[in-house]
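Below, chains carry the letters A, B, ... as their sequence lines are ordered, and counting in each starts from 1.
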Amino acid sequence: MKQFISVEDVPGVPQMVDIALDYKKNPFKEKGLGENKTLGMIFLNPSLRTRLSTQVAARNLGMEVVVFNIDKEGWALEMNDGVVMNGNTTEHVKEAAAVMGQYFDILSIRTFPGLKNKEEDYTEKYINQFIKYAGKPVISLESATLHPLQSLTDAITIREQWNQPRKPKVVMTWAPHVKPLPQAVPNSFAQWMNAWDEVDFSIAHPEGYELDPKFSGNAKIYHNQQEAMEGADFVYVKNWSSYTDYGKILNSDPAWMVTNETLKNTSNAKVMHCLPVRRNVVIADEVLDGPQSIVIPEAGNRTWAAQAVISEILKNR
Amino acid sequence: MKQFISVEDVPGVPQMVDIALDYKKNPFKEKGLGENKTLGMIFLNPSLRTRLSTQVAARNLGMEVVVFNIDKEGWALEMNDGVVMNGNTTEHVKEAAAVMGQYFDILSIRTFPGLKNKEEDYTEKYINQFIKYAGKPVISLESATLHPLQSLTDAITIREQWNQPRKPKVVMTWAPHVKPLPQAVPNSFAQWMNAWDEVDFSIAHPEGYELDPKFSGNAKIYHNQQEAMEGADFVYVKNWSSYTDYGKILNSDPAWMVTNETLKNTSNAKVMHCLPVRRNVVIADEVLDGPQSIVIPEAGNRTWAAQAVISEILKNR
Amino acid sequence: MKQFISVEDVPGVPQMVDIALDYKKNPFKEKGLGENKTLGMIFLNPSLRTRLSTQVAARNLGMEVVVFNIDKEGWALEMNDGVVMNGNTTEHVKEAAAVMGQYFDILSIRTFPGLKNKEEDYTEKYINQFIKYAGKPVISLESATLHPLQSLTDAITIREQWNQPRKPKVVMTWAPHVKPLPQAVPNSFAQWMNAWDEVDFSIAHPEGYELDPKFSGNAKIYHNQQEAMEGADFVYVKNWSSYTDYGKILNSDPAWMVTNETLKNTSNAKVMHCLPVRRNVVIADEVLDGPQSIVIPEAGNRTWAAQAVISEILKNR
């Protein structure tokens with residue numbers, strides 16, 4: 001594996017899930033793999049799970065880790081080519097990425113979308129600038145439109161929690177939120193579920209919240225949340241802002257918040273969320289504190305997803 | 001040891017002092033103890049000594065360390081149950097603590113009091129929420145009302161600096177400051193000294209600065225600083241804001257600042273302070289720069305206190 | 001080596017270059033040298049290259065590293081002696097440095113000049129306070145007037161890129177910038193080049209930009225950039241604010257920006273810069289993206305400079 005930016009970079013979803021679950025059983029089985037190698041973790045945005053689990057994963061493989069909040073500890077980056085840099089940016093990504101490529105064996109980076117300029121965000125301008133200039137493998141710690149470490153985690157969690165011969169019905173449902181959020185998590189979850197033949201995947205959202213079709217693909221779309229829930233085995237909850245009316249909040253109907261009532265016609269569905277989650281806005285306390293929620297073990301699996309990804313890149317296969 | 005939040009968690013003060021002084025003689029004697037274990041260090045507030053010494057201590061035991069300024073690098077935490085999270089907090093402690101419990105073998109956390117709501121502070125709401133949801137041993141890096149790593153350090157320092165058969169007279173004296181400070185350090189020092197039969201402990205402070213009796217216990221209280229100083233072997237200097245008139249500054253009399261004059265009737269007392277100290281407000285230059293100050297070796301002992309605590313938790317005894 | 005603050009601390013420039021280039025060939029040849037030793041890296045200012053490369057260098061030698069953004073994660077420091085600390089500073093450098101000296105085997109620190117008070121900056125008050133009180137070897141990660149890790153890097157880079165018997169002509173040229181910058185990098189580069197008999201060194205700058213003569217020494221000075229460029233083998237580009245009219249911008253003539261035209265009479269000179277560089281203000285895109293720029297491998301050499309310095313201090317020779 002040369003980079004990890006989307007599902008298209010992996011040899012296959014089931015293979016990655018297998019590798020991750022093997023590490024979960026034996027986290028330190030390849031502690032020499034990363035010896036004398038350093039992972040650089042570059043943050044342009046906040047992070048809890050990704051930041052912490054990826055550090056643990058890299059150390060499990062014997063890698064050194066250097067964490068760098070580039071915006072707060074370093075310099076403001078210029079991402080546009082050809083600019084006369086007489087304004088607020090101090091260093092061009094051409095230099096920043098290339099220099100970090102000199103120090104690190106693998107670069108990982110988190111960069112959120114601005115949610116103002118759809119084209120800029122959807123061409124993944126920022127992470128692609130890093131990839132272009134780093135000269136080393138790049139791992140996405142969440143980019144403008146995708147969050148593949150989260151989606152691999154979600155596949156691991158579904159596989160782990162499912163033990164029936166039939167395919168589980170996995171429903172991703174939009175839920176309300178007070179701020180406009182990126183589409184990265186839902187795009188990515190859709191992309192991975194569509195690429196994975198172990199699940200039956202569908203999406204529920206209000207009208208106007210259609211995701212970019214290149215990610216939602218052939219997933220069945222419901223505009224009626226209750227209809228979507230029928231017989232669901234896994235309910236994946238997530239807010240996102242509109243893709244079509246880009247970055248806007250079009251709906252804040254609290255009826256879309258996931259409660260016990262929402263889940264009543266599911267097949268005793270497990271409830272997933274990438275976290276952080278605003279309680280009683282996105283999901284009700286009764287669900288998060290109840291027996292159907294698997295958000296904590298889901299977050300725990302972030303370590304094994306990261307470890308699988310880093311190991312495959314170190315093995316360069 | 002299952003957690004380290006107060007003196008009540010330790011098998012005994014003398015035992016902990018012995019363990020710490022053994023590590024001081026041989027810091028690397030148990031470098032394999034923490035192998036493949038990770039300490040998470042979570043900061044909601046600034047820290048110099050605690051932050052740096054605890055990292056060194058954990059590495060001396062072969063542990064991995066992950067430092068996380070959760071407020072700046074992660075998400076704003078909600079600490080109250082049942083809230084509709086449509087305001088400024090992004091993640092509930094229920095998830096944050098539980099998720100970090102998935103990644104770390106031991107969690108340590110620093111969380112200062114608000115000094116507005118006495119009951120909230122004195123029920124140790126914040127650190128208790130972490131303990132409740134982390135599912136892993138928790139070490140206090142200073143909480144709303146206690147700072148046990150500092151107090152263990154202080155006991156180590158007193159033992160180390162004392163070589164007479166009689167018990168030393170240890171006097172904690174309030175001193176002025178320009179800002180309202182927590183009572184955590186004096187509460188904790190009083191709690192540890194009261195629990196330790198190797199010292200004779202008393203407290204000097206202006207009226208209105210009485211500490212919570214559950215911490216000051218049976219210590220003799222003086223409202224006249226000079227009277228308290230008579231024959232003191234150790235003078236422990238610290239400002240705190242009022243407990244009774246909660247969080248208020250009631251007195252800023254510079255006569256309470258510790259100078260050479262203050263110390264004249266002591267038994268050539270050693271002067272201690274947890275640091276940081278505002279020079280010429282809390283303690284005069286002449287004292288801090290003179291032969292009676294032991295604030296630097298005291299701070300140096302933070303490493304051995306932390307190492308004793310982490311090792312006891314790793315040994316789970 | 002007892003400290004690394006300026007060229008005066010090293011046994012000799014060629015020796016240090018040799019040591020660094022040996023590490024570049026075999027980064028892990030002395031992985032046991034730093035075992036059970038800890039490097040503290042203290043930042044009062046932003047840093048990318050220094051921060052990242054020094055961490056990698058220390059780990060290559062098996063040292064532990066603790067990074068500390070003291071202003072953001074710790075306390076505001078008082079640097080002046082005798083002050084009544086009733087203002088905005090919380091901890092005196094006397095304590096902060098001495099305490100960190102208790103935890104670390106080597107302290108490294110970055111502290112920029114204020115550019116307001118020439119005497120304060122040029123007596124290197126801040127880093128000298130750290131040296132005075134730390135009680136451990138101190139490495140400059142850039143101080144008010146010098147940046148020796150950068151200059152050693154530059155010497156390494158020149159040696160590496162030069163393979164002719166004659167001495168290379170090295171020209172440092174001032175270039176415009178939108179903000180007043182320290183003189184640390186040009187002072188230091190001049191100091192190292194003057195101390196190194198492998199190069200023929202000169203400086204080009206507009207009138208009013210004379211450096212402190214103790215650093216510029218006997219270097220030939222040109223006020224005409226084109227004249228200086230004649231036959232240059234290395235062009236070292238850097239902006240700085242005025243030393244004589246201290247901290248001021250006296251000139252912003254874009255004709256001093258380095259373009260392909262600027263380089264036309266050089267001996268196909270390699271172009272160097274310490275980075276970050278404001279593109280199309282200091283150096284044109286055409287140069288930075290062209291074949292004459294060596295700024296990226298130059299930045300890569302930061303690791304070997306830091307490794308040479310740390311190893312010499314660890315060896316205490």
What option among C:E91, C:E64, C:E73, C:Q102 has the most heavy-atom pairs under 4.5 Å with chain B?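 Winner by heavy-atom pair count: C:E73.
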Quick one: which of C:M100, C:H92, C:K94 has the most heavy-atom pairs under 4.5 Å with chain B, could you say?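 Maximum pair count with chain B is reached by C:K94.
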Any side-chain heavy-atom pair of C:F43 and C:K72 under 4.5 Å: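 They are not in contact (no side-chain heavy atoms under 4.5 Å apart), so the answer is no.
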Is there side-chain contact between B:Q161 and B:F234, with heavy atoms separated by less than 4.5 Å?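 Yes, close enough: below the 4.5 Å cut-off.
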Where the side chain of [X] meets the backbone of [Y], is there a donor-acceptor pair that is under 3.5 Å apart?
X: B:D285; Y: B:N280; answer: no
X: C:Q129; Y: C:M79; answer: yes
X: C:N117; Y: C:E119; answer: yes
X: B:E298; Y: B:H273; answer: yes
X: B:T54; Y: B:R51; answer: no
X: C:D9; Y: C:S6; answer: yes
X: C:N128; Y: C:T123; answer: yes

Check: B:Q225/B:T173 side-chain N/O donor and acceptor closer than 3.5 Å: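 Side chains of B:Q225 and B:T173: pair found under 3.5 Å.
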Answer with yes or no whether the side chains of B:Y236 and B:D154 bring together a donor and an acceptor at under 3.5 Å.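 Indeed, the side chains of B:D154 and B:Y236 share at least one donor-acceptor pair under 3.5 Å.
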Show the nearest heavy-atom pair for residues [X] and [Y], with the distance to one decimal.
X: C:T50; Y: C:S47; value: CB-OG, 3.3 Å
X: B:W256; Y: B:W174; value: CE3-O, 3.4 Å
X: B:M16; Y: B:V309; value: CE-CG2, 3.9 Å
X: C:T89; Y: C:L77; value: CG2-O, 3.3 Å
X: C:A299; Y: C:R49; value: CB-CD, 4.0 Å

Please look at C:Y103 and chain B and tell me whether the side chain, the backbone, both or neither of the residue comes under 4.5 angstrom of a heavy atom of that chain.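 Looking at C:Y103, backbone and side chain both touch chain B.
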At a heavy-atom separation under 4.5 Å, does C:E95 approach chain B through its side chain, its backbone, both, or neither?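 For C:E95, backbone and side chain are both near chain B.
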What are the residues of residues 177-189 of chain B, in order of number, with any heavy atom under 4.5 angstrom from a heavy atom of chain C?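 Interface residues of residues 177-189 of chain B: B:V178.
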Residues from residues 19-41 of chain B approaching chain C under 4.5 Å (heavy atoms):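 Within residues 19-41 of chain B, the residues that come under 4.5 Å of chain C (heavy atoms only) are B:F28, B:K31.
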Given that the side chain runs from C-beta out, which part of B:L275 has a heavy atom under 4.5 Å from chain C: side chain, backbone, both or neither?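 Interface part for B:L275: side chain.
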Let me know if B:D289 has heavy atoms under 4.5 Å from chain C in its side chain, its backbone, both or neither.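 Just the side chain, heavy atoms under 4.5 Å.
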Take B:I249 and B:Y209 through the test side chain to side chain contact (heavy atoms under 4.5 Å, CB included) and record every step on the way to the result. CA-CA 9 Å; B:I249 295 179; B:Y209 279 96; 4.1 Å; yes
Could you go step by step and tell me if B:W304 and B:E160 meet the side chain to side chain contact (heavy atoms under 4.5 Å, CB included) rule? CA-CA 12 Å; B:W304 320 115; B:E160 202 179 28; over 6 Å; no
For chain C, which candidate among [options] shows the most heavy-atom pairs at distances under 4.5 Å?
options: B:L288, B:V277, B:T303; result: B:V277
options: B:R278, B:Q55, B:R302; result: B:R278
options: B:P176, B:G300, B:A57; result: B:G300

Using a 6.0 Å cut-off, check whether atom CG of B:N88 has over 12 heavy atoms from anything other than its own residue.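 Atom CG in B:N88 is not packed in, count stays at 12 or less.
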Show your working on side chain to side chain contact (heavy atoms under 4.5 Å, CB included) between B:V282 and B:V258 and close with a plain yes or no. CA-CA 6 Å; B:V282 178; B:V258 172; over 6 Å; no
Verdict with reasoning, B:R279 to C:E78, per salt bridge (Lys or Arg N to Asp or Glu O under 4.0 Å): CA-CA 10 Å; B:R279 283 173 167 256; C:E78 177 60 53; over 6 Å; no
Heavy atom to heavy atom, less than 4.5 Å: which residues from residues 132-150 of chain C reach chain B?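 Not one residue of residues 132-150 of chain C has a heavy atom under 4.5 Å from chain B.
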When only heavy atoms count and the cut-off is under 4.5 Å, which of residues 108-116 of chain C reach chain B?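 Residues in range: none.
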